Amino acid sequence: IVVNNLRDSIAPATAVSIQNDSTCAPASKILTPVGGTSGETGAGKWYSNAACTAAIDTGRTLEVTPAITTDYWVRAETSCDTTLAYKATVTVIQPPVVTSNPVSDTICEQQDASFAVTATSLVDISYQWQVSTNSGATFTDITSAGADPIYAGYTTGLITLSNSTQTANGYMYRCVVSNVCGSTNSNAATLKVNTLPTLTMGSNPAVCEAGFAQVANLAYTNPVAAPDRYSITWNLAAGSSGLQNVTDAILPAGNIPIS
């Protein structure tokens, strides 16, 4: 009878050393147990599940290339004994994921507009808004405040636009969201800028000085952008003469009555 004097296995310590515990996919990582030995071989056995039923490889180290964040388990095994298994997690950093895209907006000239984006990432995110002036054929980074529109927040998750005129009508905006492992473009949103309605006023109307109410007609021509309401605010002298301010009244065709 031959009796072999085999050494007991020693479990790895509670930590498993990882060559940089986070990585951009795809990239290989080397896992190495901290401490621990196998009584017979000095090697460990690696598994892909906590129950240690799905073996991956045998050896002191394990090289892996996971596409997503993945857990691995290692323990020492011999014909005499099996130790506890300890886990190593390789964190795989993906480019940011956009969770909320900017929404198209409609404003009148000189009004403010804003576009927002939200994104998730395991690490810090940077933002860069871009504009397209050719219906989305090309986009360029916004790197200054500009003039028409005036931009603010173009390196944050919220960009605001002011002083927009008809020049900016149809401009498209998207955000490039980036981290150390890549970038993701948001969907593009379109800015629609409606022209402010205008009229060409006729000559000043006249009324006779009298102690009774009179009505004069203020003629206009060349309505632009289909105005349908009007308001009048008189100066102090006119107001003291009994003329009443008008607020959001229906615009009659051709002439505005003044009484």
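These numbers were taken from a predicted model, which means no experiment stands behind them. Counting from 1, the numbers follow the sequence of the chain as shown.
- Contact check for Tyr154 versus Gln130: no side-chain heavy atoms found under the 4.5 Å cut-off.
- In this structure, Arg75 and Leu84 approach most closely via the heavy-atom pair CB-O, 3.4 Å.
- Between the CD1 atom in Ile107 and the OG atom in Ser114 there is a gap of 10.0 Å [rounded to 0.5 Å].
- Checked by atom type and distance alone, the side chain of Asn49 pairs as donor or acceptor with a backbone atom of Ala54 at under 3.5 Å.
- Counting heavy atoms from C-beta on, the side chains of Thr155 and Tyr127 never come closer than 4.5 Å.
- Contact check for Pro252 versus Tyr230: side-chain heavy atoms found under the 4.5 Å cut-off.
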- Please test Val177 against Val98 for side chain to side chain contact (heavy atoms under 4.5 Å, CB included), starting from the C-alpha separation and ending with a verdict. CA-CA 8 Å; Val177 189; Val98 174; 4.3 Å; yes
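- We find the CG-CG distance between Asp105 and Leu161 to be 9.0 Å, quoted to the nearest 0.5 Å.
- Taken to the nearest 0.5 Å, the CG atom of Asn179 stands 8.5 Å off from the CG atom of Leu122.
- With Asn163 contributing its side chain and Ala147 its backbone, the two residues share a donor-acceptor pair below 3.5 Å.
- Shown are Val74, Val90, Thr89; of these, the side-chain contact (heavy atoms from CB on, under 4.5 Å) with Leu31 is made only by Val90.
- A donor-acceptor pair shorter than 3.5 Å cannot be found between the side chains of Glu109 and Thr165.
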- Task: Show your reasoning for whether side chain to side chain contact (heavy atoms under 4.5 Å, CB included) applies to Leu191 and Ser164.
- Result: CA-CA 10 Å; Leu191 177 67; Ser164 298; 4.1 Å; yes
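- Taking OH of Tyr47 as the start and CH2 of Trp73 as the end, the distance is 13.0 Å to the nearest 0.5 Å.
- The main-chain N or O of Gly59 is found under 3.5 Å from a side-chain atom of Trp46 such that the two form a donor-acceptor pair.
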- Would you sort out whether Leu218 and Asn255 count as a side chain to side chain contact (heavy atoms under 4.5 Å, CB included), showing the intermediate values? CA-CA 5 Å; Leu218 179 58; Asn255 294 282; over 6 Å; no
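- The two atoms that bring Gly153 and Trp129 nearest to each other are O-CD1, 3.8 Å, heavy atoms only.
- Put simply, the side chain of Thr143 never gets that close to the backbone of Asp141: no donor and acceptor are under 3.5 Å apart.
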- Task: Check step by step if side-chain hydrogen bond (donor to acceptor under 3.5 Å, both in side chains) holds for Tyr72 and Tyr86.
- Result: CA-CA 8 Å; Tyr72 302 91; Tyr86 290 100; over 6 Å; no
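- How far CG of Asn101 is from OG of Ser186: 5.5 Å, rounded to the nearest 0.5 Å.
- Each of Asp148, Thr195, Asn194 was compared with Gln166 under the side chain to side chain donor-acceptor pair (under 3.5 Å) criterion, and only Thr195 meets it.
- Donor-acceptor pairing under 3.5 Å is recorded for the side chains of Thr99 and Thr118.
- Side-chain atoms of Asp57 do not come within 3.5 Å of backbone N or O of Lys45 as any donor-acceptor pair.
- Between Tyr173 and Ser104, the closest side-chain pair of non-hydrogen atoms is not below 4.5 Å.
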- Message: For Ser231 and Asp248: C-alpha separation, side-chain torsions, deciding distance, then whether side-chain hydrogen bond (donor to acceptor under 3.5 Å, both in side chains) applies.
- Response: CA-CA 5 Å; Ser231 298; Asp248 199 30; 5.4 Å; no
